[in-house]
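Heads up: the structure comes next, in structure tokens.
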Protein chains: 2
Amino acid sequence: MTTTRTYGQFCGLARALEIVGERWSMLVIRDLMLGPKRYTDLQLGLPRIPASILSSRLNELEQAGVVRRRVLPQLDAGLVYELTEYGSELDHIMLDLGLWGARSLGYPKDGDVFTNDAAILALYATFQEEAARGVHVTYVLRHSDSLIIHAMIDDGTLKVSGGDHPAADLVIEPQGPELIDLTTGNLTAAEAMATGRVRIEGPFEHLELFTKLFHIPPKPEIEDGLALH
Amino acid sequence: MTTTRTYGQFCGLARALEIVGERWSMLVIRDLMLGPKRYTDLQLGLPRIPASILSSRLNELEQAGVVRRRVLPQLDAGLVYELTEYGSELDHIMLDLGLWGARSLGYPKDGDVFTNDAAILALYATFQEEAARGVHVTYVLRHSDSLIIHAMIDDGTLKVSGGDHPAADLVIEPQGPELIDLTTGNLTAAEAMATGRVRIEGPFEHLELFTKLFHIPPKPEIEDGLALH
DNA sequence: CCGGATCCTCGGTGATACTG
DNA sequence: CAGTATCACCGAGGATCCGG
């Protein structure tokens with residue numbers, strides 16, 4: 001069943017990869033980082049994962065002590081999967097790895113899914129704690145009718161959740177993937193407004209603040225491999 | 001050739017996994033973290049990787065801007081692979097992931113390889129910077145005749161290299177995998193000495209210091225999944 | 001409807017051998 | 001030394017079916 005292919009190395013990284021390095025495993029963990037989910041919710045967030053693979057991964061992760069299945073107390077509420085404490089300690093690693101990968105992300109390809117959870121985690125990963133000291137502001141990001149999240153910044157801390165927020169200081173409605181350009185610095189807040197690529201409800205200064213609070217560092221250019229210095 | 005299987009998600013983590021998430025990729029990166037290596041050196045550190053896979057992975061990683069191939073200036077010195085700046089920015093993530101996995105590592109299985117590089121990275125990953133403030137000490141770890149490394153601690157900074165060090169303050173010769181137990185706290189320095197499981201040359205206090213400088217936190221116990229609190 | 005198990009196909013993996 | 005060629009096999013991926 002779970003043959004648990006090994007690397008044959010006495011090495012922490014090799015062990016980690018044996019546990020969470022299988023295809024889809026880390027994306028399952030990503031989806032569980034924001035809270036317990038049931039099997040079908042996981043399938044919604046990972047549309048391309050075959051049911052049999054999801055089942056295998058959940059079993060392997062449970063075996064390794066990363067994920068736990070829990071029967072909900074409410075009657076007929078079914079089963080949820082959640083991270084154990086050990087699994088939760090992957091959180092900052094996943095955020096860092098996600099931020100590293102975001103620098104090679106580019107624009108969404110046709111057919112790419114963009115989930116609520118991915119948007120929420122993107123904000124956590126790109127959050128600049130230092131820039132948020134003393135700041136109190138609430139944003140609502142409306143990518144589409146079905147993809148709405150809000151972020152509350154409260155003196156260096158960040159809390160992001162799905163859904164709307166009635167008392168947001170600024171509502172941001174990107175017309176496409178311009179938030180990427182805003183957070184990388186490829187697009188300034190003023191340009192985004194001038195070209196109509198981002199619509200806002202609220203004071204403009206809060207949009208400028210947003211670009212300071214959430215930032216993706218640029219990917220280094222490819223250096224010349226033949227430099228002899 | 002490199003079909004570059006995708007996840008179909010607009011997500012930094014998914015992108016990162018498309019780049020470095022294939023089987024063996026991260027272990028190749030691990031071996032390049034300590035400096036440029038040639039193809040055959042990579043094979044030595046990864047004995048179970050098929051040559052064709054190593055070749056594919058190196059090409060994929062080069063394509064993604066993580067690895068660069070460089071022709072050595074010296075005549076006939078051949079070709080080396082090294083991390084680009086972008087690839088080097090995975091360093092802390094690999095160390096963190098390796099430390100996470102080390103907590104599930106246990107003892108080496110029969111046939112496991114334990115390379116110089118893995119030993120060096122283990123020290124970096126487990127290093128307690130705070131405990132090393134004001135400390136100046138040099139260790140030599142002799143696991144076997146062919147696996148010798150030395151670690152130099154210099155006021156909060158650590159430098160580990162392969163090979164011996166003539167002026168070490170303490171030489172540690174574990175008789176087996178007891179260094180794991182020492183760094184997890186399962187075995188105290190005094191017990192290790194009393195039971196003869198570790199031989200040292202130098203003052204005993206430096207062994208106690210060692211257990212403070214390098215530490216693997218315990219893996220949390222599996223909680224009861226049915227707790228209703 | 002939830003939570004899978006089962007069957008089938010295809011391509012990546014892994015072992016061995018061989019070449020510039 | 002640095003790979004490519006060939007091939008068996010098994011895990012991924014897709015669809016369908018099954019028990020509660």
Side-chain angles (χ1 to χ4, degrees), chain A residues 1-9 14 17-28 31-32 36-63 67-72 74-82 111 113 225, chain B residues 1-9 14 17-28 31-32 36-63 67-72 74-82 111 113 225:
Chain A
M1 180 70 71
T2 84
T3 40
T4 320
R5 262 189 311 184
T6 65
Y7 284 103
Q9 296 239 344
L17 294 173
E18 288 166 3
I19 298 173
V20 300
E22 296 290 304
R23 187 161 165 76
W24 293 108
S25 288
M26 292 202 206
L27 292 184
V28 172
D31 272 23
L32 293 179
K37 279 201 172 52
R38 45 181 61 218
Y39 191 89
T40 40
D41 292 331
L42 287 170
Q43 285 187 307
L44 283 179
L46 273 23
R48 312 239 303 226
I49 191 175
S52 55
I53 300 293
L54 178 55
S55 187
S56 302
R57 294 297 173 266
L58 286 170
N59 284 324
E60 294 159 13
L61 291 173
E62 186 182 12
Q63 188 97 17
V67 158
R68 176 204 312 143
R69 47 194 348 128
R70 186 158 51 102
V71 181
L72 288 185
Q74 302 99 303
L75 299 170
D76 90 325
L79 204 57
V80 292
Y81 298 86
E82 61 186 4
V113 303
Chain B
M1 182 64 69
T2 86
T3 41
T4 322
R5 262 188 314 184
T6 65
Y7 283 104
Q9 295 240 344
L17 294 174
E18 288 166 3
I19 298 174
V20 300
E22 296 291 304
R23 188 163 165 76
W24 293 106
S25 289
M26 291 203 206
L27 292 184
V28 172
D31 272 22
L32 293 178
K37 279 201 170 53
R38 46 182 62 216
Y39 192 88
T40 39
D41 292 332
L42 288 170
Q43 283 187 309
L44 282 179
L46 271 25
R48 312 236 305 222
I49 192 175
S52 56
I53 300 292
L54 178 56
S55 186
S56 302
R57 294 295 174 266
L58 286 170
N59 283 324
E60 293 158 14
L61 292 173
E62 185 182 13
Q63 188 97 16
V67 159
R68 176 204 312 145
R69 47 190 353 123
R70 186 158 53 100
V71 182
L72 288 185
Q74 301 99 302
L75 300 170
D76 92 326
L79 203 56
V80 292
Y81 296 87
E82 61 186 3
V113 303

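Here the structure is a predicted model, which is why all the values come from computation and not from measurement. The sequence lines fix the lettering, A, B, ..., with proteins before strands; numbering per chain opens at 1.
At the phosphate of D:dA2, neither OP1 nor OP2 sits under 4.0 Å from any side-chain N or O atom of B:Ser55. For D:dG3, the OP1/OP2 oxygens have a side-chain nitrogen or oxygen of B:Arg69 closer than 4.0 Å. The phosphate of C:dT13 (OP1 or OP2) has a side-chain N or O of B:Arg57 nearer than 4.0 angstrom. Contact annotation: B:Arg5 reaches the phosphate of D:dG13 (side-chain N/O to OP1 or OP2, under 4.0 Å).
The shortest side-chain heavy-atom distance between A:Val67 and A:Val28 does not fall under the 4.5 Å cut-off.
Atom CG in B:Leu17 sits roughly 14 Å away from atom P in D:dA12 (whole-Å rounding). For the pair B:Leu46 CG and C:dA15 P, the computed distance is 13 Å after rounding to whole Å. Atom pair B:Tyr39:OH and C:dT19:P shows a separation of 17 Å (rounding to whole Å applied). Across the protein-nucleic acid pair, B:Gln43 atom CD and C:dG14 atom P stand 14 Å apart, rounded to whole Å. Atom P of nucleotide D:dA12 and atom CD of B:Glu22 are separated by 11 Å, given to the nearest angstrom. The interatomic distance linking A:Leu42 (CG) with C:dC2 (P) rounds to 13 Å, in whole Å. When the C1' atom of C:dA5 is taken as reference, atom CG of A:Leu58 falls 14 Å away, rounded to whole Å. In this entry the distance linking CD1 of A:Ile53 with P of D:dC10 reads 15 Å, nearest Å.
Between B:Ala14 and B:Gln9, the shortest heavy-atom contact is CB-CB, 3.9 Å. Looking at every heavy atom in both residues, A:Val20 comes nearest to A:Ser25 through O-CB, 3.5 Å. Nearest approach of A:Gly45 to A:Asp31, heavy atoms of both residues: CA-OD2, 3.6 Å. Of all non-hydrogen atoms in A:Leu61 and A:Ile19, the two that sit nearest each other are CD2-O, 3.6 Å. For the pair B:Arg23 and A:Thr6, the tightest heavy-atom approach, listed with the atom from each and the gap, is NH2-O, 3.2 Å.
For B:Leu79, counting side-chain heavy atoms from C-beta on, the closest listed nucleotide (D:dG3, C:dG14, D:dA12) is D:dG3.
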Considering only nitrogen or oxygen atoms on both sides, find all protein atoms under 3.5 Å from nucleotides 14-20 of chain D and state each distance.
| residue | atom | partner | partner atom | Å |
| --- | --- | --- | --- | --- |
| D:dG14 | OP2 | A:Arg48 | O | 3.4 |

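Using cut-offs of 30° and 60° for the angle between ring planes, the B:Tyr81 and B:Tyr39 rings count as tilted.
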